[in-house]
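This report refers to the structure that appears directly beneath it.
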Amino acid sequence: MNTNPGFEVPGAMRDLVEKSIDQARQAFDSFISTARRTAETTQKSTELARTSVQDLGAQTFQAAEQNVHATLDFAQKLIQAKSLQEAMQLQAEFTRSQLTAVQAQAKEFSSITQGALKQGSEQFRNAAQDAADQSRMSMEEGGAAKP
């Protein structure tokens, strides 16, 4: 004797379940794609920050080295001065040259920082635009797939 009555899923319900599974698959694929792009953007931002810090560090050491050498050169010239007038002239020349050097160093630091900020903001803007585009496409696809 057959105790299992015939069980059949209606075609409309089967179609609805298939569409729901397809929509879930599309939503998941969209989520994973966005998560991967976010991870890539984060990695690029981290790399940019690391490179910028390295550039600033190298520039800082270079500036410090230049300044110390200039100071030592000045001290050596100063001890060889024959008069107070010559010492004052050496001091004035050293002060002018150091002001020029510090201005150039500040300009270089500013250039490195501005370049890093510009690249970072471009990466952020592009990532935000990609995320917005992906969300819009997901919403449109999800709306189009509804029965």
Side-chain angles (χ1 to χ4, degrees), residues 7 9-147:
F7 180 75
V9 176
M13 183 173 279
R14 188 183 311 269
D15 290 344
L16 180 63
V17 170
E18 281 185 27
K19 286 180 183 180
S20 295
I21 290 171
D22 287 343
Q23 287 175 343
R25 185 181 311 275
Q26 287 174 351
F28 178 75
D29 289 346
S30 175
F31 169 77
I32 289 295
S33 177
T34 301
R36 283 188 176 131
R37 279 196 304 278
T38 301
E40 289 170 7
T41 300
T42 301
Q43 185 176 2
K44 287 178 186 177
S45 296
T46 302
E47 180 63 25
L48 174 62
R50 186 187 65 76
T51 301
S52 297
V53 168
Q54 282 180 327
D55 291 348
L56 283 172
Q59 186 62 31
T60 300
F61 280 112
Q62 183 180 358
E65 184 179 7
Q66 287 174 346
N67 295 340
V68 168
H69 282 287
T71 302
L72 293 173
D73 290 346
F74 165 67
Q76 193 168 28
K77 289 177 186 177
L78 189 62
I79 61 169
Q80 296 174 2
K82 304 288 187 224
S83 67
L84 183 58
Q85 184 179 355
E86 185 181 353
M88 296 301 282
Q89 183 180 355
L90 288 170
Q91 177 66 48
E93 289 172 4
F94 173 72
T95 301
R96 276 193 300 273
S97 70
Q98 281 306 102
L99 284 174
T100 301
V102 167
Q103 287 174 339
Q105 292 163 359
K107 190 175 183 179
E108 183 64 26
F109 287 136
S110 176
S111 176
I112 291 170
T113 303
Q114 286 177 349
L117 289 173
K118 182 180 177 185
Q119 285 181 318
S121 65
E122 285 175 2
Q123 284 182 354
F124 177 77
R125 186 185 73 242
N126 291 341
Q129 184 62 50
D130 287 348
D133 291 346
Q134 185 64 34
S135 293
R136 188 181 67 252
M137 287 178 10
S138 295
M139 296 289 277
E140 290 171 355
E141 289 172 359
K146 287 185 179 178

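Reckoned from all heavy atoms, side chains included, excluding hydrogens, waters and symmetry mates. For this chain, numbers begin at 1 and follow the sequence in order.
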* Contacts of Thr60 that satisfy side chain to side chain donor-acceptor pair (under 3.5 Å) - sequence neighbours left out ->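 Thr60: no side chain to side chain donor-acceptor pair (under 3.5 Å) contacts found.
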First locate atom [atom1] of [X], then atom [atom2] of [Y], and finally report the distance between them rounded to the nearest 0.5 Å.
| X | Y | atom1 | atom2 | value |
| --- | --- | --- | --- | --- |
| Gln119 | Gln123 | CD | CD | 7.0 Å |
| Leu72 | Gln76 | CG | CD | 8.5 Å |
| Asn126 | Lys44 | CG | NZ | 9.0 Å |
| Gln80 | Leu90 | CD | CG | 9.5 Å |
| Thr113 | Asp55 | OG1 | CG | 10.0 Å |
| Leu117 | Leu48 | CG | CG | 9.0 Å |

Practice problem: Could you tell me whether the side chain of Phe94 reaches within less than 4.5 Å of the side chain of Thr71, counting heavy atoms only? | Solution: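 Touching, per the 4.5 Å side-chain cut-off.
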Minimum heavy-atom distance between Ser52 and Ile112, given as atom pair plus value: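 Residues Ser52 and Ile112, closest heavy atoms: O-CG2, 4.3 Å.
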inquiry  = Within a 6.0 Å radius of atom CD on Gln43, are there more than 12 heavy atoms belonging to other residues, nucleotides or ligands?
reply    =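 For Gln43, atom CD is not crowded (no more than 12 foreign heavy atoms under 6.0 Å).
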Review point. Would you say Ser33's side chain and Asp29's backbone share a donor-acceptor pair under 3.5 angstrom?
Key: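 Between the backbone of Asp29 and the side chain of Ser33 there is no qualifying donor-acceptor contact (under 3.5 Å).
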Discussion item. Using modelled atom types and a 3.5 Å cut-off, is there a donor and acceptor pairing between side-chain atoms of Ser30 and backbone atoms of Gln26?
Written reply: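 Pair absent, no side-chain N/O of Ser30 close to backbone of Gln26.
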Any side-chain hydrogen bond (donor to acceptor under 3.5 Å, both in side chains) pairs touching residues 86-97, not counting sequence neighbours?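 Passing the test, one end in residues 86-97: Gln89-Glu93, Gln91-Thr95.
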Exercise. Name all residues meeting the salt bridge (Lys or Arg N to Asp or Glu O under 4.0 Å) criterion together with Arg50; count only those two or more places apart in sequence or in a different chain, and write none if there are none.
Key: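 In terms of salt bridge (Lys or Arg N to Asp or Glu O under 4.0 Å), with neighbours along the sequence ignored, Arg50 is linked to Glu47.
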State which residues pass salt bridge (Lys or Arg N to Asp or Glu O under 4.0 Å) with Glu18; sequence neighbours excluded, sorted by chain then number.
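Per chain and number, Glu18 pairs via salt bridge (Lys or Arg N to Asp or Glu O under 4.0 Å) with no residue.
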Fill in: side chain to side chain contact (heavy atoms under 4.5 Å, CB included) involving Ala58 - partner list, sequence neighbours excluded
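Applying side chain to side chain contact (heavy atoms under 4.5 Å, CB included) to Ala58 gives none.
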Show me the donor-acceptor pairs within less than 3.5 Å that the side chains of residues 103-111 make with the rest of the protein, sequence neighbours left out.
| unit_1 | atom_1 | unit_2 | atom_2 | d |
| --- | --- | --- | --- | --- |
| Gln105 | OE1 | Asn67 | ND2 | 3.4 |
| Gln105 | NE2 | Gln66 | OE1 | 3.2 |
| Gln105 | NE2 | Asn67 | OD1 | 3.1 |

